[in-house]
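Side-chain atoms are counted along with the backbone in the values below, which use heavy atoms only and exclude waters and symmetry mates.
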Amino acid sequence: MLFFKDSKIYEPIFRDPSVMTVLNRFGIYLGVGDATIEEICLQKGIDVDLFVAVLNTYMDSNYYPSIKSSIGYLAKIVDYLEKTDIYYKDVQLKNIDRHFDVLLRTSDINCFESNDIELLNRFYCEVKEELHASISHDCEYWFPKLKQAIETGDDELSSLSFSQDEISLPLPFRNINLEDKIKDLISFFIIHLKGSYNHNICLAVVSAIFVLEKDVCQNNRIRERIFRPLCEA
């Protein structure tokens with residue numbers, strides 16, 4: 001199901017409540033009322049075409065947006081992705097950290113079979129480190145470079161100068177490796193976990209990782225189908 005300018009803004013929320021994280025990054029929060037997407041975008045000063053493209057790309061894996069290439073759209077997508085990275089770092093990862101800390105403290109280490117919880121925590125720390133590195137590459141290197149191009153009105157990103165260290169960094173598009181690692185972490189919990197642990201807290205950990213996995217995968221789709229074409233254009 002696709003959403004359009006005349007769709008009610010609450011419709012995608014009822015369809016998939018996780019889309020609220022996307023709306024939050026545009027400055028839209030709960031209590032949206034009966035407004036259409038176009039009405040709330042006009043009220044908030046949001047480009048409605050870009051908003052609809054981001055919304056549908058996030059919601060529908062079969063949707064391929066058509067976005068005109070412009071410095072303005074690139075600036076807005078960089079802003080959206082910066083807010084996404086900050087949300088990963090300051091909200092979602094910290095939420096998983098809190099749950100995992102409680103799980104470790106309330107589980108009997110001596111009863112573990114192969115210390116599964118500790119091993120999974122180490123794997124989670126590897127995943128977290130990789131996501132932090134990806135965020136660092138975005139926020140310390142790529143996004144400032146793109147902003148530099150945007151501020152000078154230079155559409156040709158190839159004219160920007162990069163250091164040797166920056167050249168070796170992965171491009172800020174879809175990180176399939178990270179997606180696969182998060183999926184593996186969830187699979188280990190679901191299929192292979194053994195031992196004595198607090199089941200309710202463990203469920204909270206897995207649920208929080210599921211939320212992160214969904215947000216990463218669906219925002220990577222936005223990177224691949226909107227951000228990359230704008231950069232390449």
Correct closest heavy-atom pair for P12 and V19 would be O-CG1, 3.6 Å
For D215, side chain to side chain contact (heavy atoms under 4.5 Å, CB included) partners two or more places apart: T21, R25, Y58, Y87, Y88, Q92, N219
Salt bridge (charged side-chain N to carboxylate O under 4.0 Å, His left out) contacts touching residues 52-64 (sequence neighbours left out): none
With a 3.5 Å distance limit and no angle check, can you tell me whether S7 reaches the backbone of F4 through a side-chain donor-acceptor pair? yes
Assess whether a salt bridge exists between E82 and K147, defined as any Lys/Arg side-chain N lying under 4.0 Å from an Asp/Glu carboxylate O. yes
Salt bridge (charged side-chain N to carboxylate O under 4.0 Å, His left out): which pairs involve residues 89-98, sequence neighbours left out? D97-K128
Exam field: side chain N56 to backbone L2, donor-acceptor pair closer than 3.5 Å: no
Taking every non-hydrogen atom, the tightest pair across F3 and M59: CE1-CE, 3.8 Å
Quick one, L93 and Y124 - any side-chain contact, counting heavy atoms below 4.5 Å? yes
Working for side chain to side chain contact (heavy atoms under 4.5 Å, CB included), residues K214 and D16: CA-CA 11 Å; K214 182 174 184 179; D16 181 359; 2.8 Å; yes
Charged tip of R223 within 45° of F173 ring normal and under 6.0 Å: no
To the nearest 0.5 angstrom, please state how far the NE2 atom of H199 sits from the CG atom of L193. 8.5 Å
About how many Å separate CD1 of I182 and CZ of F123, when rounded to the nearest 0.5 Å? 9.5 Å
Is there a donor-acceptor pair closer than 3.5 Å between any side-chain N or O of K44 and the backbone N or O of G27? yes
Got a sec, which residues hit side-chain hydrogen bond (donor to acceptor under 3.5 Å, both in side chains) with R15, two or more places apart in sequence or on another chain? none
Look only at the side chain of T57 and the backbone of A53, and say whether a donor-acceptor pair between them is shorter than 3.5 Å. yes
List the residues meeting side chain to side chain contact (heavy atoms under 4.5 Å, CB included) with T36, not counting sequence neighbours, and say none if there are none. K8, E38, E39
K83: partners by side-chain hydrogen bond (donor to acceptor under 3.5 Å, both in side chains), with sequence neighbours left out: D79
CG of L42 to CD1 of I37: how many Å apart, nearest 0.5 Å? 12.0 Å
Exercise: identify the closest heavy-atom pair between D138 and P144: O-CD, 3.6 Å
